[in-house]
**Q** 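Take this structure, written in structure tokens, and hold onto it; I'll ask about it next.
Keep in mind the model is a prediction, meaning the values are calculated, not measured. Only this structure's heavy atoms are used, side chains among them; waters, hydrogens and symmetry mates stay out.
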Amino acid sequence: MSTPYPFTAIVGMDDLRLGLLLNAVSPAVGGVLVRGEKGTAKSTAVRALSALIPEVPVVSGCRFSCDPASPDPACPDGPHELGGGVARPARMVELPVGASEDRLVGALDIERALAEGVKAFEPGLLADAHRGILYVDEVNLLHDHLVDLLLDAAAMGASYVEREGVSVRHAARFLLVGTMNPEEGELRPQLLDRFGLTVEVAASREPDQRVEVVRRRLAYDDDPAGFAARWADEESALRARIVAARALLPDVRLGDGALRQIAATCAAFEVDGMRADIVMARTATALAAWAGRTEVLAEDVRQAALLALPHRRRRNPFDAPGLDENKLDETLEDFGDDDPELDPDPDPDGPGGGGQPPQGGPEVPPQGDGGQGEVPAQAEPAEGGTPQAGGGEQQPVGAAEPFRTKMLSVPGLGEGAAGRRSRARTEHGRTTGARRPQGALTKLHLAATMQAAAPHQRARGRSGRGLVVRRDDLRQANREGREGNLVLFVVDASGSMAARQRMSAVKGAVLSLLLDAYQRRDKVGLITFRGKDAEVALPPTSSVDAAAARLQTLPTGGRTPLAAGLLKAHDVLRVERMRDPSRRPLLVVVTDGRATGGVDPVALASRAARLHSAEGTAAIVVDCESGPVRLGLSSTLAVDLGGTAVTLDELRADSIAGLVRDVQTARRAA
């Protein structure tokens, strides 16, 4: 077994360490979501936490980690007698992003259940994580059906495995810890709300601190055991402090004044529901216990708000998380004056002060703003480069108000990643037929199985009421659901689109389509063309908000190299087909159809469009042409692409004009 990196050897990352430690003190806080750029020790910190969690008593031989003091009466390995048991370290179970449903919740032997009436159950990761830590790296990339199972288990504290009327239930209460890089896509709001706390991490910009990070990491890589031994005393002291805080936790008093501040803060930031109030109360109590106090102070409420509210107050998926700290301080001051126990400006060095975790090792400069969870804003690179011949570069304009778009889908039946856009064969959805299973049986088609077994009952010597079922009789259910697609935007940013009102409307339309892609779990990419060439403004990614950020800073001006944009899109799709052949693309070209520059640019654009048509790429042309005189160039382009053209008005879901939902309709009419 490899030696984990010591938790106390982590440099900086105050919010990250504090959020993890508060959950170690009080698992009722509800877990923590760690958001940050790649290479910021997110996974290292989470794995290091497992060594600090106190041991848990379990019933000897129970695969579901029942507590000997109060065993689960419905435990599949039960019933258990009270008392006894053994102590073992708390487990940290990692859930791979590509895990199957059976790996997560467990597998039930359907053949034995039907033929023998025996519930032969093999526990999954939820059973392993009971009374421990369930860690999901890149949680934002987790498949939707696994997210649904996690939500159910987190809400009920139990896992249910259902297979055609045969069910198994076991307790599943765990500390949920997730890490994610926001550049790779956001998290479903339902799962986001299940995390008690969220923290933002970023690499330090202080050279001395970065030097210390590298020094410690190199020392650990050279001799993991020796490095861990040098931090053993700090680890033992931190473990003892966790145990002491856990013992003190039941004695912490959460006064009416603190409760009023919590309720007022949640109301001021307009969070949904009451979960935020409850999580803030538990977090503030844990902060007081961590500081060795039995009274919750205003500093605890403030820190609890910074950890528990940023991910709950978001309204738009493109908005950055965070809290207005000035507004927070005003709210706490307004509702804290009538309670003497709430000191609005406590002495951080006084008795009981200082909620931050201890930091061992040499003195290093503080990171960022001292661990208050704010990530320094990063300047966006200028898009598009220098002005091109044929027209000067225009300053970027803001996008018009986004709207709900009509459904755009890829024709046919795919087999891509689960999503909400196009029809696909999936593990979840409505049953459309049955087939012999290839590999392990996951979804039984009961009627087809019984139909396959029925003709053989006499030959198999059936004598009772039960049906004699053999493995060859089992039938897998074919299911149809929805998949996510790769939506590749090709946006005309030339001078013909540069009128401010027109470009604002175009950006608003693309922003609306991006919002739709976010809701339907698509990958997105963004290509822009103007001047003499086209560029990939954003390679295909699950981060829809990154595409929205690129769109906002998009400048316009110059000629209209339409062919270059289509050829660039062809190159991008060719590479993506090799990377992920099961994810079908949807090409969305946003243009007025004009093509300028070079020799015969219209013919060149037509040939480039027919490349996409020859490969069967589904395409939509969003016609941005305006004015009393319309040339209809976008419709011609749509025919060359084998797709359909829609105007900006037709794109709206509430427009009177109808939108062809399936690109195949236009292809048949062509």
Side-chain angles (χ1 to χ4, degrees), residues 19-20 22-33 49-50 53-59 62-80 82 85 88 90-95 99 101-108 119 121-136 139 142 145-163 167-178 187-198 246 249-250 273-283 285-286 308 312:
L20 293 172
L22 291 177
N23 276 277
V25 171
S26 176
V29 166
V32 60
L33 174 66
L49 176 69
S50 60
I53 303 295
E55 291 186 334
V56 294
V58 298
V59 174
C62 178
R63 296 175 298 166
F64 302 88
S65 304
C66 280
D67 187 349
S70 57
D72 181 8
C75 176
D77 285 354
H80 302 300
L82 293 174
R88 64 158 175 77
R91 293 173 179 161
M92 192 193 77
V93 178
E94 295 194 38
L95 172 60
E101 179 179 335
D102 285 347
R103 183 70 185 101
L104 178 62
V105 300
L108 191 63
K119 294 182 180 180
F121 181 67
E122 185 66 29
L125 295 177
L126 290 180
D128 293 341
H130 179 47
R131 305 177 66 207
I133 302 172
L134 181 62
Y135 171 48
V136 189
V139 64
L142 199 63
H145 69 282
L146 296 183
V147 170
D148 293 335
L149 293 170
L150 275 181
L151 290 175
D152 290 342
M156 297 182 294
S159 174
Y160 291 84
V161 182
E162 301 281 350
R163 293 290 188 274
S167 65
V168 174
R169 173 209 169 275
H170 65 82
R173 292 183 295 275
F174 46 82
L175 171 60
L176 182 61
V177 180
L187 199 58
R188 282 178 58 179
Q190 295 93 328
L191 185 56
L192 191 65
D193 188 54
R194 290 294 179 186
F195 287 97
L197 311 178
T198 184
R246 280 191 171 189
L249 189 64
M274 295 298 297
R275 183 176 284 117
D277 304 63
I278 296 171
V279 171
M280 271 192 67
R282 289 172 174 166
T283 305
T285 303
R312 291 188 165 89

**Q** To the nearest 0.5 angstrom, please state how far the CG atom of L49 sits from the OH atom of Y135.
**A**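 Rounded to the nearest 0.5 Å, the CG-OH separation comes out at 11.5 Å.
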**Q** For a quick test of reading the model, state the closest non-hydrogen atom pair linking A308 to V279 and the distance between them.
**A**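 In terms of heavy atoms, the two residues are closest at CB-CG1, 3.9 Å.
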**Q** To check you understand the geometry: which heavy-atom pair defines the closest contact between P76 and V168, and what is its length?
**A**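 Where P76 meets V168 most closely, the heavy atoms are CG-CG1, 3.8 Å.
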**Q** Could you check V56 against R88 for side chain to side chain contact (heavy atoms under 4.5 Å, CB included), going step by step and ending with a plain yes or no?
**A** CA-CA 6 Å; V56 294; R88 64 158 175 77; 3.8 Å; yes
**Q** For a quick test of reading the model, state the closest non-hydrogen atom pair linking A69 to L82 and the distance between them.
**A**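 That closest heavy-atom pairing would be O-CD2, 3.5 Å.
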**Q** About how many Å separate CZ of R194 and CG of L33, when rounded to the nearest 0.5 Å?
**A**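 Interatomic distance, L33 CG to R194 CZ, rounded to 0.5 Å: 14.5 Å.
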**Q** Going through the distances and angles, do R173 and D72 end up as a salt bridge (Lys or Arg N to Asp or Glu O under 4.0 Å)?
**A** CA-CA 12 Å; R173 292 183 295 275; D72 181 8; over 6 Å; no
**Q** Among residues at least two apart in sequence or on other chains, which ones pass side-chain hydrogen bond (donor to acceptor under 3.5 Å, both in side chains) with T198?
**A**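 Listed in chain order: nothing, the list is empty.
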**Q** Please list, chain by chain and in numerical order, all residues satisfying side-chain hydrogen bond (donor to acceptor under 3.5 Å, both in side chains) with R275, sequence neighbours excluded.
**A** D193
**Q** Using 0.5 Å steps for rounding, measure from the CE atom of M280 to the CE atom of M274.
**A** 11.5 Å
**Q** Which pair of non-hydrogen atoms, one from I53 and one from A90, has the smallest distance, and what is that distance?
**A** CG2-CB, 3.4 Å
**Q** Find the distance between CD1 (I133) and CZ (R91) and round it off to the nearest 0.5 Å.
**A**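 The CD1 atom of I133 sits 12.5 Å away from the CZ atom of R91.
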**Q** To the closest 0.5 Å, what do you measure between CD (E94) and CG (D128)?
**A** 12.5 Å
**Q** Measure the shortest side-chain to side-chain distance between V136 and L176 over non-hydrogen atoms and say whether it is less than 4.5 angstrom.
**A** yes
**Q** Could you check if a side-chain atom of L150 sits within less than 4.5 angstrom of a side-chain atom of L134, using non-hydrogen atoms only?
**A**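 Yes. Closest side-chain heavy atoms under 4.5 Å.
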**Q** Output all residues satisfying salt bridge (Lys or Arg N to Asp or Glu O under 4.0 Å) with R131, sequence neighbours left out; order by chain, then residue number.
**A** D67
**Q** Have a look at F64 and tell me which of H170, H80, H130 forms a ring pair (Phe, Tyr, Trp, His ring centres under 6.0 Å) with it.
**A**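 Result: among H170, H80, H130, H170 is the only option passing the ring pair (Phe, Tyr, Trp, His ring centres under 6.0 Å) with F64.
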**Q** Can you give me the closest heavy-atom contact between L20 and V177, atom names plus distance?
**A**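 Shortest heavy-atom separation between L20 and V177 comes out as CD2-CG1, 4.2 Å.
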**Q** Is a side-chain N or O of R246 found less than 3.5 angstrom from the main chain of A24, in a donor-acceptor match?
**A**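 Side chain of R246 to backbone of A24: a pair is present.
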**Q** Using 0.5 Å steps for rounding, measure from the CZ atom of F174 to the CG atom of L126.
**A** 5.5 Å
**Q** Between the side chain of D77 and the main-chain N/O of C62, is any donor-acceptor distance below 3.5 Å?
**A**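 Answer holds: no.
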**Q** Which heavy atom in L249 sits nearest to a heavy atom in S26, and how many Å separate them?
**A**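 Result for this residue pair: CD2-CB, 3.7 Å.
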